[in-house]
Amino acid sequence: MIYLNGAAMPWRNNKALSSTQLRKRLLLASISLSLLVILTFCYVGYGVAIGMGEKVESQAYSQQAEAIANAIERQQQRHPDYFDTLGQRPLPEFINTAGKHLVALHTANRHIIKGPSPLFIRHEKINQLAMAEADRFVTLDDSRFYVTRSHIGNQGALTLIWRDLSGVNLPTHILLRIVVTALLTFGIAVWLSMIMSARIARRFQSASHALEELAMRDSLTHLPNRNALISSSPENVRCGALLFLDIDRFKDVNDAFGQDVGDKLLHAFAQRLLKLAGPDSDVYHYRSDEFVVWMPSLQKEEVTNAAFAMLYECRVPLQVDNASFELGCSIGAACYPIHGHLFETLLRNADTAMHRAKARRLGVQVYDDKLAFNSTIKVMLRSQLRSALQQNQFVLHYQPKVVMETGTLIGVEAIVRWQHPEEGLLGPALFIDLVEQSGIIHVFTRYMVESAITQVQKWCDMGHQLPVSVNLSAYNLLDTAFVPFVNSQLEKSAVSPSLLEFELTESAAMIDKSASKRTVDALLELGVKVSIDDFGTGMSSFAYLRDLNVNTVKLDRAFITHIVDDIKGQKVVEGLVSLCRNLDLEVIAEGVEDRRQADLLQKLDCHIGQGYFFSPAVEADAISQLLPQPQAFRYDYVANN
């Protein structure tokens, strides 16, 4: 049995891994962003702190300079020579008090140096600083100074020079606070990032689980869907069977009752399958009207009976909206591990078997290797049809129609073969259905008719009037341009219409009776003969004879195969031949394989035969070699050759 838990389904582990990776990435991104913001904050904050510190210091130095200038001006008013003798006496107390970091005063004629102190600087430096722009910080020999100027009445300008010691410590102090703040902010950011990443990861995981549920479960039937089936694999089982169910003609329900009723019916059918499959099996809604049932531990010998039992139970009417629906279905089965070890392989093989069961109305079909070959080669051939037609790979072989009493050749049936460059000569059973489904049936039939008429013309040129019959598809009977085409080909080749015959299968002609009758009547007006092929295999054979004006009836080989030992079969053939004689129709027996069949058919008043007893379908050159021999197919000749 399969398991839909984390241990058995690797995609869930992948999702969990993705959630963990997402959380780590969110946390890393949040921390990186926080760190970037904090570094930017520190850089900008440091610059702002320095700018603000310089502005505050500049204002303080300017105020001190103004205070010193005012004090000197007051002293100058009391002592007119005070300014001139300022450097000859000790500096007044107000200068020492107001200018704590003042290192020099500079006038136009001299400079005054404060000292001795740590602020002492040489005269040449004072001269350089005195020439600097006022109200600015100036850096000289790794030291910062602030230069300002004041005017003392009419005595001229007084330049004051401060050494900036506090400014060196101020940014460092502020930077320390910024760093502490940044570290605290970073810690908070990391904490918040962890919380946010955890919440986001949980939400992501919740959303991921919801998406997984949507991706792995069908919303209509509430069953696991195709994705769930493909992502799983059989585990802990030695054998099992995968059943592929397709509801027959479900589209008719949707067309007649609407999509809503169809959806309700699908849901009801899904619930029935769950009950029929049992608790140990798994049911999937594959797509549209198709379901898959995995039945673990079911032996290969039990698969057919289990599938038929499910098929019969599915036919029990379902009640939906006060209406009763009896649903038929076709089931294809593939066995584990014989037909595959993975669900994908089992599913493909069961699907192939289901299509065979549906096409042949078998109900149930268990997969085998022949189905795989036919399915594979048909897919390949379908893709090569058009190029094969363009490259003239389709050729006609001809099977003789013989008067069994005399061995006289009275006509041939043109049977198409595909001269495939890789697969060799292929019979029509492998590709005729593909031609009809591919949309090239009209071009294909015209090519066959043209080839057959060309061959008739060649035999006529050799002096032999040998009729050729060509098989028609149901789609050709609906083609209003087909009869004019045949007429144009006959006129072009100057071949007598009586040498051309078209064989219609019963299923083809009964698709549209009125259209079939119009086409048959039009062909008869041209002088072309028409015959019914495979007569007696359908349900409407006698209606066929009543509604269509035909020239010949060809008894299906199913009546001939066991006719020697089947007394009832002999009576049926005798009755069919008698009916055709009364309707003035020629009768040909198909599938004559031996002399006993040929002798018995003549006793039953059937005198023309076609089959391997006389000859298989051969190339036109082989027929040409037999034409000069009027009794080439006499019994003794056939036995010796």
Side-chain angles (χ1 to χ4, degrees), residues 1-14 212-213 215-218 220-247 266-316 327 329-358 362-369 371-372:
M1 184 175 180
I2 62 168
Y3 298 91
L4 298 181
N5 53 36
M9 300 189 72
W11 54 268
R12 291 189 181 274
N13 295 333
N14 293 337
E212 290 168 11
E213 185 69 15
M216 298 294 169
R217 189 165 295 275
D218 177 59
L220 175 61
T221 62
H222 306 298
L223 294 176
N225 59 15
R226 179 180 180 276
N227 295 330
L229 177 63
I230 297 300
S231 63
S232 307
S233 61
E235 292 189 359
N236 302 327
V237 293
R238 292 187 176 182
C239 60
L242 188 140
L243 307 183
F244 196 112
L245 291 84
D246 180 83
I247 301 176
L266 281 177
H267 184 270
F269 187 81
Q271 297 305 308
R272 169 171 290 177
L273 277 183
L274 282 173
K275 294 180 181 179
L276 294 176
D280 295 331
S281 301
D282 297 288
V283 181
Y284 300 85
H285 186 197
Y286 189 69
R287 63 188 171 211
S288 184
D289 57 352
E290 296 175 342
F291 293 83
V292 173
V293 179
W294 165 244
M295 306 182 74
S297 303
L298 188 66
Q299 299 290 337
K300 181 182 179 182
E301 296 77 13
E302 303 171 343
V303 171
T304 301
N305 291 336
F308 270 112
M310 184 173 292
L311 180 69
Y312 296 146
E313 291 296 330
C314 285
R315 290 185 177 274
V316 176
L327 297 180
C329 59
S330 301
I331 302 178
C335 301
Y336 172 86
I338 302 172
H339 301 143
H341 292 81
L342 300 177
F343 275 137
E344 186 174 1
T345 305
L346 292 171
L347 184 64
R348 182 173 61 251
N349 294 337
D351 186 24
T352 300
M354 182 275 294
H355 280 94
R356 180 179 175 85
K358 181 178 286 289
L362 301 175
V364 172
Q365 173 69 58
V366 179
Y367 176 82
D368 60 44
D369 293 336
L371 295 180

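By convention here, the first residue in the shown sequence is residue 1. Owing to the predicted nature of the structure, the values given are computational and were not obtained by experimental measurement.
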Whether H267 and H222 hold their rings parallel, tilted or perpendicular, with breakpoints at 30° and 60°: perpendicular

D351 CG to L346 CG distance, which is reported to the nearest 0.5 Å: 12.5 Å

Within-4.5 Å side-chain heavy-atom neighbours: F291 and I247: yes

Non-hydrogen side-chain atoms of E302 and N305 separated by less than 4.5 Å: no

Atom NZ of K300 with >12 non-hydrogen neighbours under 6.0 angstrom: no

I230 vs L347, side-chain contact (heavy atoms from CB on, under 4.5 Å): CA-CA, chis, key distance, verdict: CA-CA 9 Å; I230 297 300; L347 184 64; 3.9 Å; yes

Nearest-0.5 Å distance, CG of residue L242 to CG of residue L342: 12.0 Å

Inter-residue atom distance L327.CG - R315.CZ, 0.5 Å rounding: 9.5 Å

Straight-line distance of S330 OG to R356 CZ, nearest 0.5 Å: 13.0 Å

Residue among Y286, F244, W294 satisfying ring-ring contact (aromatic ring centres under 6.0 Å, His included) with F343: W294

OG1 on T221 to CD on Q271, rounded to 0.5 Å: 8.0 Å

Smallest separation among heavy atoms of L245 and C329, with atom names: CD2-SG, 4.2 Å

Q365 versus D368, closest heavy-atom pair with distance: NE2-OD2, 4.4 Å

Validation row: H285, N225 side chains within 4.5 angstrom (heavy atoms): no

Spatial distance of atom CG (L229) from atom CD (E344) [nearest 0.5 Å]: 9.5 Å

V293 vs I331 side-chain heavy atoms within contact, under 4.5 Å: no

Less than 3.5 Å apart, which donor and acceptor atoms pair up between the side chains of residues 332-341 and the rest of the protein, not counting sequence neighbours?
{"from": "H339", "atom 1": "ND1", "to": "C335", "atom 2": "N", "distance (Å)": "2.8"}
{"from": "H339", "atom 1": "NE2", "to": "Y367", "atom 2": "O", "distance (Å)": "3.3"}

Beyond-backbone contact of L273 with M310, side-chain heavy atoms, under 4.5 angstrom: yes

Atom of A307, atom of V364 and distance for their closest heavy-atom approach: CB-CG1, 3.6 Å

